[in-house]
Amino acid sequence: MSTSLTTPERDPDLHTPLGGVSLTAGQLPRGAAPGTLVAAAVAGLLLWLLAGWAVVPCALLAAASYVVIVYTWSRAVEGPRKATDRFVTALVSGAFLLALLPLVSVIVTVVSRGAARFDAEFFTNSMLGVTGEGGGIYHAMMGTLIITGLATLISVPIGMLTAIYLVEYGRGKLAKAITFFVDVMTGIPSIVAGLFAYALFVMMFGPGVRMGLAGAVALSVLMIPTVVRSTEEMLKLVPNELREASYALAVPKWRTILKVVLPTALAGIATGVTLAIARVIGETAPLLVTAGLTDGDNFDPTDGRMTTLSVFSYYEYQSPGLFAEASFDRAWGAALVLMIIVMLLNLVARVISKLFAPKTR
Amino acid sequence: MASSTEAPPRKNRVPRRPGDRIFAGVSTGSGVLILVALAGVAVFLVTEAWPALTAPAEDIPGGQGLVVYIWPLLFGTLISAVLALVIAVPLAVAIALFITYYAPRSIAKALGYIIDLLAAVPSIIFGLWGMNVLAPVTVDPASWLSQHLGWIPFFAGPPSSTGRTMLVAIIVLAVMVLPIITAVVREAFTQTPQLHQEAALAIGATRWEMIRMAALPFGRSSIIGASMLGLGRALGETMAVAMVLSASAGGITFNLISSENPPTIAANIALQFPEATGVGMHTLIASGLVLFAITLVVNMIARAVINRRKDFDGAN
Amino acid sequence: FGLVACGSANEEGAASGPTINGAGASSQEAAQSAWRTGFLESNDGMINYDPVGSSGGREQFTNGGVDFAGSDAYLDDKEVKAAQERCGEGGFVEVPAYVSPVALITNIEGVDSIKLKPETIAKIFNQKITKWNDPEIAASNEGVDLPDTRIVPVNRADGSGTTENFVEYLKEAAPEQWPHEVSDEWPVSGGEAAQGTSGVVQAVKNGNGTIGYADASQAGDLTTVEVGVGDEFVKYSPEAAAAVLDVSERVEGRGENSFAFDLARDTKESGTYPIVLVSYVLACGNYDNADKATMVKDYLNYMISAEGQKAAEEQAGSAPISDDLRSKVQPAVESIGSANSGS
Amino acid sequence: MAKRIEVKDLDIYYDKFLAVQGVSMTIQPRSVTALIGPSGCGKSTFLRTLNRMHELVPNARVEGSVVMDDDDLYGPNVDPVNVRRQIGMVFQRANPFPTMSIYDNVAAGLKLNNKRLKKSDMDDLVERSLKSANLWEEVKDRLHKPGSGLSGGQQQRLCIARAIAVQPEVLLMDEPCSALDPISTQAIEDLMLELKANYTIVIVTHNMQQAARVSDTTGFFNLQGVGKPGELVEIDETTRIFSTPSQKATEDYISGRFG
Amino acid sequence: MAKRIEVKDLDIYYDKFLAVQGVSMTIQPRSVTALIGPSGCGKSTFLRTLNRMHELVPNARVEGSVVMDDDDLYGPNVDPVNVRRQIGMVFQRANPFPTMSIYDNVAAGLKLNNKRLKKSDMDDLVERSLKSANLWEEVKDRLHKPGSGLSGGQQQRLCIARAIAVQPEVLLMDEPCSALDPISTQAIEDLMLELKANYTIVIVTHNMQQAARVSDTTGFFNLQGVGKPGELVEIDETTRIFSTPSQKATEDYISGRFG
Ligand SMILES: Nc1ncnc2c1ncn2[C@@H]1O[C@H](COP(=O)(O)OP(=O)(O)OP(=O)(O)O)[C@@H](O)[C@H]1O
Ligand SMILES: Nc1ncnc2c1ncn2[C@@H]1O[C@H](COP(=O)(O)OP(=O)(O)OP(=O)(O)O)[C@@H](O)[C@H]1O
Ligand SMILES: [Mg+2]
Ligand SMILES: [Mg+2]
Ligand SMILES: O=P([O-])([O-])[O-]
């Protein structure tokens, strides 16, 4: 078998093999790619440490030289297709590493600055009667859980049912309109959602209303489109074969949806819902105008002001007073707690989807 | 499409069992409820914007009328959201690919989780991080860019000395929308039928060619859907942009690295609303209405793109 | 619907009482926090304050949404009418409760003290002077080694009482150099803009050659500018700031319980610091609910009391109002009552 | 309990495309009817109209009538769910539920409809269904493993077990044995012969011998021409069709040396 | 140019489950090798190891060696892409790309290797591939419609067309005709007989007659017992296997009256 890389002339009758590349034709030696990577990294490191270049150009240069070397080498030895494959591999892995940068940076920042206030008082006390140092976020944690919980209770059923309508029932103008306007809804600025919810509650309760429920409604406006969109995408991926299998067993449509379609798509839906929660749990502007701000406990979402972690964190940061450090510590601490809450939610979603995920093995 | 509605055979209507009727009713109701809520938002926006729409030009902040006031905002909104998406979508698709097809199977799940963590970061933290950590880091590269690539309008300079530039706002937005897009796209890739992947590999496709033949087309509608989600988020993001961007009205410019930047609509509302009164307040809502309309138009275009190849949908 | 959950550790056995709600200027937030803490130590009840911004506070006050409000500016004529309508017969009460110097903060490598005349400040913020080693700056800073750095003026991106007060100062102290109209929005484009006081402070800190204006309590270890008043240069201090209010004139014709002041920014008086933010507190003369009326009255009384002003100074870095002023405004606060109880 | 199905002048459309035209036939109760014909002539399409699965394809519709005993399946008051309860189906491509175990797949017809059975009765039913489909021995030790880890033929038999577990009156099978080895095929054919004592069975098959072996009646479908709709060429007793078909096309088709 | 494949002591595992044990056989070039055996005995599993498709199942692995001419397919320097380029495959379940048109489905493999093929050459190749798979007449008017709107048998033939369009050296076919009617089956069998002049062909089939008709060599797989791994019972010339098999199990299996 020749090791030539060019494609031989085509046989006109299709009935003979084309031949082509031999199995072991032009392979980069094992470890060529990792080796190049190490070399490029070392070169970058040397430039940084010895030649005194800045970190960013060094890293960029190392990455670029790795990609270029591996691509040209592979192209020469293995041919353009394999080279493209390697190129994409490098690109895709690079993209992942790139995405880790801000993540690591954010986490390091928040943890290093937020850890200062990880004491018992912080988690058990409210801010009632606190100025200067000390104080806690118990009231804000509860507020966050209650308001986001309510928003989730409102948005998830509505959002999921709408997605179900769109995928399983939706035909004609209504479905088109809903699909379309749900997308439009994703672009509503959070403050506008807050003002809208406030206006709505003013109509019901008169001017100056502040209550957790109003905050939850505002958040729902922001949350619903994410839930609808992600659920819809996941439902669309469920093969029609499965629906047919269920219908053929005389299962009514609604049961088919509940027991076959939803479980199959559940993992994706759970991820979507957590993303939706994550999107709203950090909102400040809409909550300030609807749920307001208070120093103390209020666990009744239908009456009076309620503080959430994000609002608390924001105002501790914005109006710190003279004891700025104490305030900033609280702000970062609250932010860290907020992140931990979302991470835990994320874990819960993973567990849920693990329990119901399609079992492939 | 994956929809499998029971098209009524001939003229007669299918009798529905109560369970079906209730379920169909409730889910249709939810959809309608969303429309009603949205209509509510629209009515709210229009009524609150009305005084500004009808006010004489000199009453609008800036004194030159609504169009002059909103145009820079609109420009800033679009340029930041679009460029953020230009960065985020390819990156998100690449990351989703990495997690589903490149990373060792044993750790792929964990990697997905790590990216999801980015979604756990609230926007005010992105704001704080953007102005305190990211912005200072960009100062030197930005001045390098303006020195060497200054002929590109994006890098015209003069570079900001604090780094609180449009470039940083765009990066922050891109990072914010990244996990949402990644998660949805990743899910679609995981669902790509094994059969189709095998079909591609069996004709001698490399991994990348398999992805191009099977995974990307299958995930196409999800990618667009996810991008729409991301775009919406980027268009509407409020607090992070407000905190990160050094914005001043009148700064219509493609220059991404100076201190003078057009504000975005959402951030501008958040910034100005607390101290806005009368027509000023109505003007802000009017800008919100414009954002609403823009989202509408952008989505119309995206829908048109998706529907063009509906027949080739992956679920069939 | 109330949730049964255990409360915060520090709230166990907290006494109940009436709740009063306020909203308004974010500048007052730290002081409000100090006041409610101090007040609730010896009183029952609950006080909330949403820092939604001055005009938001004024609006919510005039449409009855909140019981009291904080505002960086006094009510304009239209709002006066609205407030009178809301409060009915008792009219409204408007007293300055929070006075705070606005510091000019800078971050210039190698420079840790700087003196600027009002005209120079106006030119800098108007972007007419663009280098720190400009002769005009050098003239008032003999012996300081000024670098050839670009000046980056930092202003508030959001509507702000601080901006309004600062711009008012520029307009009055250097009218030639500052042709812009006074409003709570920064009038010059092209500078570095940042959200909120903290944003300005951060931007000044993060940049080089930056100069900004911010509530003095937040200046931290940044270099603050000594501002030219008459022939001398004054560093900000609470006393110097409060002094301005004493040389300023009360605006007439707004009802006996309204104490609005047009500040004498162009004062040449020795020992005054003219860049000052004066923030008012608004309340009604009359509330339907007697308990609420008493609580509002007591709370306002506490705010302007020597004790309250001291608390605010310690926590928020504000300038205590003078005894003289207090004695003038106290009767207005005392007049708060309830139609029902007929006090 | 078996039912007779009467089809009259049935036209089947995919949107505007007429896939099958003018089919009229009677499907006898207590018998096996086989449908044969070249690929793409509309056998599956026709089969799916018998239990209204057809409706699931957007814009697909039928004209004509399908009457089971005395009920028009497409009558105004007929609920397709009830139709499908009585007329079960096995698909051309195996489609087990990926989220369910083997056991749950078989029990799906009952479980999805929330029919509660005693655990032991359910176990019993699952076992019997799997045995009938000749799958029991192979999976009895991994009943609670997912159904998607099975071989192609195993999956197909799983789907057959699932369909017979709900005990329908009529059973439609679209090439049920195409993925099966001779042993399983025999088991399924035995099953059909057993079932036909009480059920009405319709199968689509490409295997002439199979049609000859198991069916009482055979219908031959063919395309009227390239790009034209499919039609029922003739239907008659199986022995007649395989010995003395009345149509030339039928004879040509079955005299092919294949099976 | 066709290749010989030498398999030695091959064990195939799904994770810890040993699915196929100890297979050794030689697959002759320029011939058709048929693999028969009951469902679930590991025919597909074995076939998939021949072009390393097996590796796609998580945790699946092989022990033993598969050598094509002189290259060990599992050797350290072998790129599975090259393996699959030379050893094409048609799957048990038809799997056209749903997102591509019929034309693009066939052209998919060509486009990979011949980036600059002229439009007319491409059209030509697509047409010839579809003709070889006996599908051309049915689809020539809707080449640019999606491949998923085809009937089961049409989809299967589309996949065959796709596989031969790239002209591999070895063609593996997993029950390629199970969904096909006799006419198409004959077309595919004719195709195999034509191709074997130059290619090495391995098919899995449940159809004994088919194995007898088309293959030169037949291998019989069986389970060693319930729950035990599958094994290659014997492999020999097809005429021998069908007349005088050396193993009792083989005789039992093929003497079943099915096909
Ligand atoms: N969903 C669909 N949309 C449009 N046309 C379709 C659809 N399904 C099938 N067809 C067309 O209808 C015709 C009949 O298809 P059908 O699946 O009934 O054939 P068949 O007789 O079952 O063939 P096979 O034996 O290959 O399964 C074919 O031309 C096919 O392409
Ligand atoms: N992905 C998988 N994971 C675990 N076990 C598997 C997997 N695929 C197949 N098996 C098991 O391996 C054995 C052999 O399966 P294989 O698909 O090779 O059978 P086959 O001979 O092709 O059967 P059929 O004729 O039904 O297609 C079976 O017991 C099957 O359950
Ligand atoms: Mg069919
Ligand atoms: Mg198989
Ligand atoms: O008090 P401010 O309005 O300047 O935030």
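Contact of Ala92(B) with chain A is not made at all, since no heavy-atom distance falls under 4.5 Å. Residue Val228(A) touches chain B through its side chain alone, counting heavy-atom pairs closer than 4.5 Å. Of the two parts of Met300(B), the backbone and the side chain both hold a non-hydrogen atom closer than 4.5 Å to a non-hydrogen atom of chain A. Looking at Leu35(B), the atoms closer than 4.5 Å to chain A (heavy atoms on both sides) all sit in the side chain, from C-beta outward. With a 4.5 Å cut-off on non-hydrogen atoms, Ile99(B) touches chain A through its side chain but not through its backbone. With a 4.5 Å cut-off on non-hydrogen atoms, Val41(B) touches chain A through its backbone and its side chain both. At a 4.5 Å heavy-atom cutoff, the contact between Arg279(A) and chain B is made by backbone and side-chain atoms alike. Neither the backbone nor the side chain of Leu345(A) has a heavy atom closer than 4.5 Å to any heavy atom of chain B. Heavy-atom distances place the side chain of Met234(A), and not its backbone, under 4.5 Å from chain B. With a 4.5 angstrom heavy-atom cutoff, Leu195(A) touches chain B via backbone and side-chain atoms both. Residue Ile171(B): no heavy atom, backbone or side chain, is found under 4.5 Å from chain A. Interface remark: Phe87(A) contributes no atoms to any contact with chain B (heavy atom separation under 4.5 Å). Residue contact with chain B, scored on non-hydrogen atoms closer than 4.5 Å, is absent for Ile341(A). Using a 4.5 Å cut-off between heavy atoms, Tyr113(B) contacts chain A through both its backbone and its side chain. With a threshold of 4.5 angstrom between heavy atoms, Leu258(A) approaches chain B through side-chain atoms but not through N, CA, C or O. With a 4.5 angstrom heavy-atom cutoff, Asp140(B) does not touch chain A via any of its atoms. Using a 4.5 Å cut-off between heavy atoms, Val110(A) contacts chain B through its side chain alone, with no backbone atom that close. Proximity to chain B involves both the backbone and the side chain of Ile178(A), based on heavy atoms less than 4.5 angstrom apart.
Residues Glu209(B) and Thr84(A) form no side-chain contact, since every pair of their non-hydrogen atoms from C-beta on lies 4.5 Å or further apart. Side-chain atoms of Thr186(A) and Met228(B), non-hydrogen and from C-beta on, never get closer than 4.5 Å to each other. Looking at heavy atoms from C-beta onward, Leu38(B) lies in side-chain contact with Ile188(A) at the 4.5 angstrom threshold. Val32(B) is listed as a side-chain neighbour of Leu174(A), based on a closest heavy-atom distance under 4.5 Å. Side-chain contact between Leu291(B) and Pro189(A) is present, with at least one heavy-atom pair separated by less than 4.5 Å. Residues Ile22(B) and Trp254(A) are not in side-chain contact: their nearest non-hydrogen atoms beyond the backbone lie 4.5 Å or more apart. No side-chain heavy atom of Tyr317(A) sits less than 4.5 Å from a side-chain heavy atom of Ile124(B). Using a 4.5 Å heavy-atom cutoff, the side chains of Ser221(B) and Glu233(A) are in contact.
Note that CZ of Phe292(B) and CE of Met185(A) are 8.5 Å apart. Values are rounded to the nearest 0.5 Å. Distance check: Leu237(A) CG to Thr190(B) OG1 gives 9.0 Å after rounding to the nearest 0.5 Å. Between the CG atom in Leu161(A) and the OG atom in Ser27(B) there is a gap of 6.0 Å [rounded to 0.5 Å]. Note that OG1 of Thr295(B) is 9.5 Å distant from CZ of Phe180(A), once rounded to the nearest 0.5 Å.
Of all non-hydrogen atoms in Ala37(B) and Phe196(A), the two that sit nearest each other are O-CZ, 3.9 Å. Contact detail for Leu275(A) and Ile180(B): the closest heavy-atom pair is CD1-CA, 4.1 Å. Residue Pro122(B) comes nearest to Met339(A) through the heavy atom pair CD-CG, 3.8 Å, listed as atom of the first residue, atom of the second, then distance. Taking all atoms of both residues into account, the shortest heavy-atom contact from Ala94(B) to Val92(A) is O-CG1, 3.2 Å. When all heavy atoms of Thr226(A) and Leu229(B) are compared, the closest pair comes out as CA-CD2, 3.8 Å. The minimum heavy-atom distance between Thr238(B) and Ser190(A), with the atom names listed, is OG1-OG, 3.0 Å.
Between chain B and the residues Ala331(A), Gly282(A), Ala335(A), the largest count of heavy-atom pairs under 4.5 Å involves Gly282(A). Most heavy-atom pairs under 4.5 Å with chain B, from the set Ile164(A), Thr284(A), Leu222(A), Leu288(A): that is Thr284(A). Of all the listed residues (Leu97(B), Val121(B), Val43(B), Val93(B)), the one sharing the greatest number of non-hydrogen pairs under 4.5 Å with chain A is Val121(B). Taking chain B as the reference chain and counting heavy-atom pairs below 4.5 Å, the highest number among Ser230(A), Ala285(A), Ser313(A), Pro252(A) is found for Pro252(A). Ranking Glu244(A), Met160(A), Arg350(A) against chain B, the residue ahead of the rest is Arg350(A), based on heavy-atom pairs under 4.5 Å. Among Ile224(A), Ile281(A), Thr179(A), Val217(A), the residue making the largest number of heavy-atom pairs under 4.5 Å with chain B is Thr179(A). Residue with the most contacts toward chain A among Ala242(B), Gly29(B), Gly130(B), Ser30(B): Ser30(B) (heavy-atom pairs, distance under 4.5 Å).
Under the side chain to side chain contact (heavy atoms under 4.5 Å, CB included) criterion, Pro102(A) pairs with Trp129(B), Val175(B), not counting sequence neighbours.
The aromatic rings of Phe96(A) and Phe98(B) lie parallel to each other, with less than 30° between the two planes, well short of the 60° mark.
Among residue pairs with one or both ends in residues 89-99 of chain A, none qualify as side chain to side chain donor-acceptor pair (under 3.5 Å); sequence neighbours excluded.
Of the possible polar contacts, none joining the Asp85(A) side chain to the Thr206(B) backbone as a donor-acceptor pair under 3.5 Å is found.
Just one of Leu178(B), Ile115(B), Leu118(B) meets the side chain to side chain contact (heavy atoms under 4.5 Å, CB included) condition when paired with Leu103(A); it is Leu118(B).
A salt bridge does not link Asp20(B) with Arg255(A): every distance from a Lys NZ or Arg NE/NH1/NH2 to an Asp or Glu carboxylate oxygen is 4.0 Å or more.
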